[in-house]
Amino acid sequence: MRQLRTFSTLSTKHLSCEPHIKVYKYISQLLTTQFQHHPPTLVLTVVKGKLHKTHCSLSQLTGGECRMADFALYSYQEEVVERALRRENIIIWLPTGGGKTRAAVYVAKKHLETTERAKVVVLVNTVHLVEQHFHKELKPHLGHEYKMEAVSGDSKESNFFGKVVEESDVVICTAQILFNALTNMEENAHVELSDITLLIIDECHHTQKENVYNEIMRCYLEKKLRGDPKLPQVLGLTASPGTGGAKNLEGAVEHVLQICANLDSAIVSTKDCTTELKEKVPRPFKSMDIVDKRPQDPFGDHLKGMMQKIHDFMTLPPDFRLRECGTQEYEQDVMTLEQRGVKEQNRILAQCALHLREYNDTLLINDTLRMIDAYRSLEDFYDTKTENSMDETDDFLVGLFQDNQVKLRKIAKNSQYENPKMGKLETVLRNQFGPDVESRGILFCKTRKSTHCLNDWVLNNRVLREAGIKAAVLTGAGGGKSHMTQNEQTDTIRKFRQGALNLLISTSVAEEGLDIPECNVVVRYGLLTNEIAQQQARGRARAPEAEYSVVAQTGGQEVRREHINELLEELTGQAIAKVQEMSIHDFRTKINELQKEALIGRKVADMHKMEKRGRFNASAVKLFCRGCFKSVASGSDIKLVEDTRYVNVNPDFQKHYKLGEQVIKDKTFGNWEPGRKLICNNCNKEWGYEIKYKKYTMLPKIAIRNFALETPEGNMLVKKWKDVPFTVEEFNFEEQLIANQFKTHQPTLVLTVVKEKLQKPHSSLSQLTGRECGMADFGLRSYQEEVVERALRRENVIIWLPTGGGKTRAAVYVAKRHLETTSPAKVVVLVNKVHLVEQHFKKEFKPHLGPEYKIEAVSGDSGQKDFFGKVVERSDVVICTAQIVFNALTNMEENAHVELSDITLLIIDECHHTQKEAVYNKIMRHYLEKKLRGEQKLPQILGLTASPGTGGAKILERAVEHVLQICANLDSAIVSTKNYIAELKEKVPRPFKSIHIVDKRAQDPFGDQLKEMMQKIHNFMTLPPDFRLRESGTQEYEQDVTILERRGEKEQNRILAQCALHLREYNDALLINDTLRMMDAYRSLEDFYDTKTDNAIDETDDFLVRLFQDDAVKLRKIAKNSQYENPKMGKLETVLRNQFGPDPESRGILFCKTRKSTRCLNDWVLYNRALQQAGIKAAVLTGAGCGKSHMTQNEQDDTIRKFSQGVLNLLISTSVAEEGLDIPECNLVVRYGLLTNEIAQQQARGRARAQEAEYSMVGQTGGQEVHREHINELLEELTGQAIAKIQEMSPHDFRTKINELQKEALIGSDIADTHKMKKRGRYDASAVQLWCRGCFKSVASGSDIEVIKNMHRVNVNPDFRKHYKLGEQVKIGKTFDDWEPGCKISCNDCNQDWGSEIKYRKIALLPNIAIKNFGLETPEGRMTAEKWKDVTFTVEEFNFEKYAKDNFPDMTID
């Protein structure tokens, strides 16, 4: 049994003191861990020199005492800290799991107790470790008595680090934060090393070369060699300093001494307690699992044959020789060759080398993973190249792959040639894990791509699933697609610790630092790393009888590297022993020599860098794209933003690139936020991404590795900006701001009137304040003044003006007059989209009302929504989404609640939505209930609409009824201009309308082939005799198969349900084929089957997947044949070219039906040479939301801003651009493949407001679109007639009718509410079972479901977790106060999507399920529900306190 060192001997005065301390109910996690095997019978606790209490069990310990309880250091830990406690600089060398951090915390504690004005700074090399060390070690042991702060680049404190250090006792931070503070001379940010008394450096073996640890220690050494006596004590921690690449003892000793010199420290390890250390950190059993090579490798052979054809095509330079392909050496060769091609501007050489690198990568994957993984890697690469051909080189390279694609895929699917290493890996894992075995393991592999491939293999491997393996990927945190976010990393490790996962498939990120539990097995797979990585990986296998395994093939490099690393590990130990044997004098002499040499070498290097950077004038250097060699920028265009981001400030640079997808970062930054990727217009080379700086300026941030430099001495390549041979100037934000604002119109004199006083004249706009600009004249037109007259008389009205007619400006004017004439006034403006909150606030209300009145903008994204009552109370004007007000009306909490009587003017934007169950109508029902009860204090109502529509009515009488119902719902009359119609038409001219009709395809072999395949599915499933399907390729057919799918689910007829599901996808492909390109239709179907290929659970799945696979090649071949292409696309090209070709300054919107359509059309525009030559710069605009196909709010904003500025001139949009959004006047609006109502048509047409604008519709002969267009024109006229009829009614008749409709609506609402209540309480929740709609497996009870804040329906039964697996992280472009998204969840059996996990209040990780993915088994039979409001049982509220108590009994809930 190990000896527990507790406290110093107690004097008798301590024993006589009276205990006095509060007892907490929970046990410190620290002490639970320390004493779980050997609980003490008596613990004497001393806090600040006094005996407080004796405890007979740990459960009696208080929280404060737990924190300051004895560290219980092992003897070997006490040995290694001895010299540190004597204030010596040391490096503690202990293996992974040996407790280096705990020893360091003990040193810090003793240092704080014994040092005057002690200041401890702990440095770590990753952001994750800041929080980990803070919460796991430092705070539990030191937080009770000392002030502590954790700071990383993610935290605001990083900008005031000097103040943080000054006010704290202990600070833990990333090394970069401290280095920035040492070099930043600003008062609040600057730190001197003399301010610190103890500097702890975690993973200190990184203190080499240009690493930031070494940069900090160079500051230290410069001060030391200048004789500065006030320097911090240094304490380094490492599991292995390594040999630095040395292969002999002398070189290894030199390397260890260099690290000691860099840290100015001696290296210490245990000598007297090695047995105890080995017992604490046992060396795992090692197994080398070797397999023979494939006897045949047709996949690899075929790849090599293709590579040889590329060799022949490009003609290798005579002085260049490529080594064997499929090796790291070959990869190095082709990279050198690519760089040579770029320097010589030999595109054949550069592009062939680039493609050869991808082939070589595919060979390496084939050697390590599955053939299909290798194939998919190559296919993914060529998916980005297929339609981006620039010359014959591209044609050859793409054609070579396409010609061999089918054969490669066929070989890849032949298990006869599969990689034997995968089989061996399966055996290793299966032997360790089992259904009843509580093993944990880590599978280390080389790349992020490998982790995802292996995770996919594990998830879809029945043998491993039956063995109970629950795997997840763990990779480095960052901003790229393949990176994990910080939260994802944390969640994955937490699940691994809790047992929800038992296998991590990880890159090197899990080797060092991260707080990962002891593992039973560690497997290194396909790795060639150094001895440090090998030791750290092995150190994860610390459980009793753990296994450390290497899977490799006979003669493979991995086996050789493993043996070399073992020798290097021994060599490291020998080198450290040699260093420790040196006399103090010899050691110190050598260290001083190395330090002086290092500083001299650094100064020489710095001088060389300065010379290099000033070698050429920036304007003499040109940047050209590495993909197409086109010159796109000058070095003088590049500026440096905040020392880290290099941007191009020349506005002409924008014409060279197009925008790609939004860059996602899992953290926020102080002065900037990421935008969309930048892609070369010519060759699609990725260049970097835009950043929005200081919330105003959009700047292209470029990565120099994607460019080459043309200098006066020739072309050159650099990987990092620090290596460019010219000086990059700092970015001047103020200059750029002024340049952007006033580059077109520079005013000479502005006179500003504020509150009836003439303010100072301004000779330039740069002198104007925002407040003075705000109250400029409204400048209402006569027709606007006419429509607001009744509102100014306090009447409830609906303003009916067309899109672009200035409804919002009129409403702001009404609000202004209302605020001036009403006491006390309170204006609330309701909008139906989050985007419109900020738009109306910034564009209209704040500029005109902000200087005199307090205005607030509130949406679901803002924290103010939870205190909405207070916001309304302290504001004059509030703009918000309607849901916020509805929640406030029904929430009785004091700070949140609002009464309608608190509001004096209620403005409702797009008020034609005030119908049925829309939230506008729910708010107005509150109003009407109060009105019909006779309450007098109700707000004035002002509605705004471009068209109330006819509500589906086809005759005048019904249209009048519909408009009257909207008037009744809003308790308002509808007003429009009568006297100024001519002025309105002049302001909002009706565009020229053109309908472009094309004949149907003469032949449609693609559609015919799809229909033939659908007929085979019809035959396979056997339609019910009472069911008849309508014509395929129509909306009616889609409705039929949806009904058929639900019928199959209710009857538990999986053949029927699955066939109907697949038929819906085929029908969708037919509809796409009818509207877009054949290839778009094919890809839609291919994407669907990519999710189904490996998930077959019965013969139905096998049939359906095989049917597509058998015909996929034929379909793709037809889709590529332009002879059968959609003629509507040709007509659309003509329409766009005719508008943009003659007039490149044109702006247009192309409206289409679905998000998928927008992306397909955008892809078509980007790769259509005729449209690109016409100067079209297009982008997608879709609705904001959380899904993959949605845009984020920022993306919407950026796209519209670029459209306004002319960076873009064509928006390809869904209906989102029809109403509300602040989009400039357009020269062209095209509606393509749309069947919508008259409101959508009018709003879309209203976007074409420029002079001589065109409104165009493209359809085909006999198509429904043309028919719908004509009907909508008639309905538009009918709407006008209906409104005219209502306006002709007498006030008495109008009011009488309105009152009748209002009473009927309230009665109907009461009846509907009663029916809903009965429906929800129809069954007891425990009597209802939920089953998966994919495989019909019963997975949950209704009683397992609880609702969080009327929003998230979560399953609280922990057993539910065994039914699902985790998918990708859900990305949401905003944060929430009390929850955050987790990973997607899907059925273990059939991969049916179920929803996603959410983390509630930072601890409760719960599956949030979508009811549309489940069926319900009720006492009266099966049913399905699309929304939770339709379920037939009551869902109880989630009780967080109960959940926390049940799952975290030791936690105290605030």
Side-chain angles (χ1 to χ4, degrees), residues 491 500 860 865 883 886-887 890-891 917 919 922 1046 1049 1185-1187 1190 1313 1316-1367 1369-1370 1372 1374 1376-1388 1392-1418 1422-1444 1446-1447:
D491 284 348
K865 69 181 186 297
Q883 190 67 47
F886 180 70
N887 293 346
T890 55
N891 188 338
E917 293 305 308
V919 69
K922 291 178 180 179
R1046 290 177 183 167
E1049 289 167 348
C1186 306
H1190 289 79
D1313 289 344
K1316 285 178 188 174
M1317 291 295 289
K1318 286 182 179 177
K1319 183 180 178 182
R1320 286 180 188 163
R1322 190 170 175 184
Y1323 306 116
D1324 187 89
S1326 60
V1328 178
Q1329 298 297 308
L1330 278 69
W1331 42 269
C1332 173
R1333 285 182 72 169
C1335 59
F1336 299 168
K1337 181 181 178 181
S1338 181
V1339 293
S1341 166
S1343 57
D1344 298 336
I1345 312 303
E1346 293 180 2
V1347 59
I1348 298 176
K1349 292 192 172 181
N1350 205 29
M1351 181 168 55
H1352 308 291
R1353 272 75 180 181
V1354 297
N1355 190 316
V1356 299
N1357 187 339
D1359 290 337
F1360 182 63
R1361 289 190 175 91
K1362 69 185 180 186
H1363 296 297
Y1364 68 78
K1365 57 190 172 190
L1366 298 176
Q1369 173 71 27
V1370 175
I1372 298 181
K1374 53 187 176 183
F1376 305 88
D1377 289 341
D1378 51 10
W1379 71 277
E1380 60 189 85
C1383 296
K1384 288 184 177 179
I1385 60 174
S1386 57
C1387 177
N1388 262 336
Q1392 170 77 34
D1393 186 13
W1394 282 358
S1396 63
E1397 287 186 330
I1398 63 168
K1399 184 187 280 187
Y1400 182 58
R1401 291 177 65 173
K1402 300 189 183 301
I1403 63 164
L1405 192 67
L1406 299 162
N1408 178 28
I1409 62 175
I1411 194 60
K1412 68 185 179 187
N1413 299 318
F1414 297 86
L1416 303 177
E1417 180 100 36
T1418 74
R1422 288 180 160 240
M1423 64 173 288
T1424 56
E1426 285 301 305
K1427 296 183 179 179
W1428 278 105
K1429 65 183 180 64
D1430 301 322
V1431 298
T1432 53
F1433 60 92
T1434 301
V1435 179
E1436 300 294 338
E1437 278 286 327
F1438 176 69
N1439 188 321
F1440 176 74
E1441 287 71 25
K1442 181 178 182 300
Y1443 177 88
D1446 292 344
N1447 292 275

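Below, all heavy atoms of this structure are taken into account, side chains as well, without hydrogens, waters or symmetry copies. Residue indices begin at 1 and follow the sequence shown.
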Peer 1: Could you give the distance from CG (Leu1406) to CZ (Arg1401), rounded to the nearest 0.5 Å?
Peer 2: 12.0 Å
Peer 1: For Phe1438 and His1352, run side-chain contact (heavy atoms from CB on, under 4.5 Å): C-alpha distance rounded to whole Å, both residues' side-chain angles, the deciding distance at 0.1 Å, then the answer.
Peer 2: CA-CA 9 Å; Phe1438 176 69; His1352 308 291; over 6 Å; no
Peer 1: List the atom of Ala1444, the atom of Ile1403, and the distance in Å for their closest heavy-atom pair.
Peer 2: CB-CD1, 4.5 Å
Peer 1: Counting only pairs under 3.5 Å, give me each side-chain donor-acceptor contact of residues 1340-1349, with atom names and distances, residues two or more places apart or in other chains.
Peer 2:
unit_1: Ser1341; atom_1: OG; unit_2: Ser1343; atom_2: N; d: 3.2
unit_1: Ser1341; atom_1: OG; unit_2: Ser1343; atom_2: OG; d: 2.9
unit_1: Asp1344; atom_1: OD1; unit_2: Asn1357; atom_2: ND2; d: 3.4
unit_1: Asp1344; atom_1: OD2; unit_2: Ser1341; atom_2: N; d: 2.9
unit_1: Lys1349; atom_1: NZ; unit_2: Asp1378; atom_2: OD2; d: 2.4

Peer 1: Kindly indicate whether the side chain of Arg1046, heavy atoms from C-beta on, has any atom under 4.5 Å from the side chain of Arg1422.
Peer 2: no
Peer 1: If you take all heavy atoms of Glu1437 and Asn1350, which pair is closest and at what distance?
Peer 2: OE2-N, 4.2 Å
Peer 1: Please tell me if the side chains of Tyr1400 and Val1354 come closer than 4.5 Å, counting only heavy atoms from C-beta onward.
Peer 2: no
Peer 1: Which heavy atom of Thr1432 sits nearest to which heavy atom of Met1423, and what is that distance?
Peer 2: CG2-SD, 3.7 Å
Peer 1: Fit a plane to each ring of Phe1433 and Trp1428, take the angle between them on a 0 to 90° scale, and name the class: parallel (under 30°), tilted (30 to 60°) or perpendicular (over 60°).
Peer 2: perpendicular
Peer 1: When rounded to the nearest 0.5 angstrom, what distance separates CG in Asn1413 from CZ in Arg1333?
Peer 2: 7.5 Å
Peer 1: Is there a side-chain contact between Pro1407 and Phe1360 in this structure, where contact means two heavy atoms from C-beta onward sitting under 4.5 Å apart?
Peer 2: yes
Peer 1: Apply side-chain contact (heavy atoms from CB on, under 4.5 Å) to residues Ile1411 and Leu1416 and explain how you reach the verdict.
Peer 2: CA-CA 9 Å; Ile1411 194 60; Leu1416 303 177; 3.9 Å; yes
Peer 1: Which heavy-atom pair separates Ile1385 from Ser1396 by the least distance, and what is that distance?
Peer 2: CG1-N, 3.8 Å
Peer 1: Check whether any side-chain heavy atom of Gln1392 lies under 4.5 Å from a side-chain heavy atom of Lys1337, and answer yes or no.
Peer 2: no
Peer 1: For residues Lys1442 and Asn1439, report the shortest heavy-atom separation together with the two atoms involved.
Peer 2: N-OD1, 2.9 Å
Peer 1: Check whether any side-chain heavy atom of Val1339 lies under 4.5 Å from a side-chain heavy atom of Tyr1364, and answer yes or no.
Peer 2: no
Peer 1: Which heavy-atom pair separates Tyr1443 from Leu1405 by the least distance, and what is that distance?
Peer 2: OH-O, 3.9 Å
Peer 1: Are Asn1355 and Leu1330 side-chain neighbours, meaning at least one heavy-atom pair lies under 4.5 Å?
Peer 2: no
Peer 1: Does the side chain of Asp491 reach to within under 4.5 Å of the side chain of Lys1399, using non-hydrogen atoms?
Peer 2: yes
Peer 1: In terms of ring plane angle, is the pair Trp1331 and Phe1336 parallel, tilted or perpendicular, where the classes change at 30° and 60°?
Peer 2: perpendicular
Peer 1: Output yes when a side-chain donor or acceptor of Asp1393 lies under 3.5 Å from a complementary backbone atom of Ser1386, and no otherwise.
Peer 2: no
Peer 1: Verify the neighbour count for atom NZ of Lys1412: are there more than 12 heavy atoms of other residues, nucleotides or ligands below 6.0 Å?
Peer 2: no
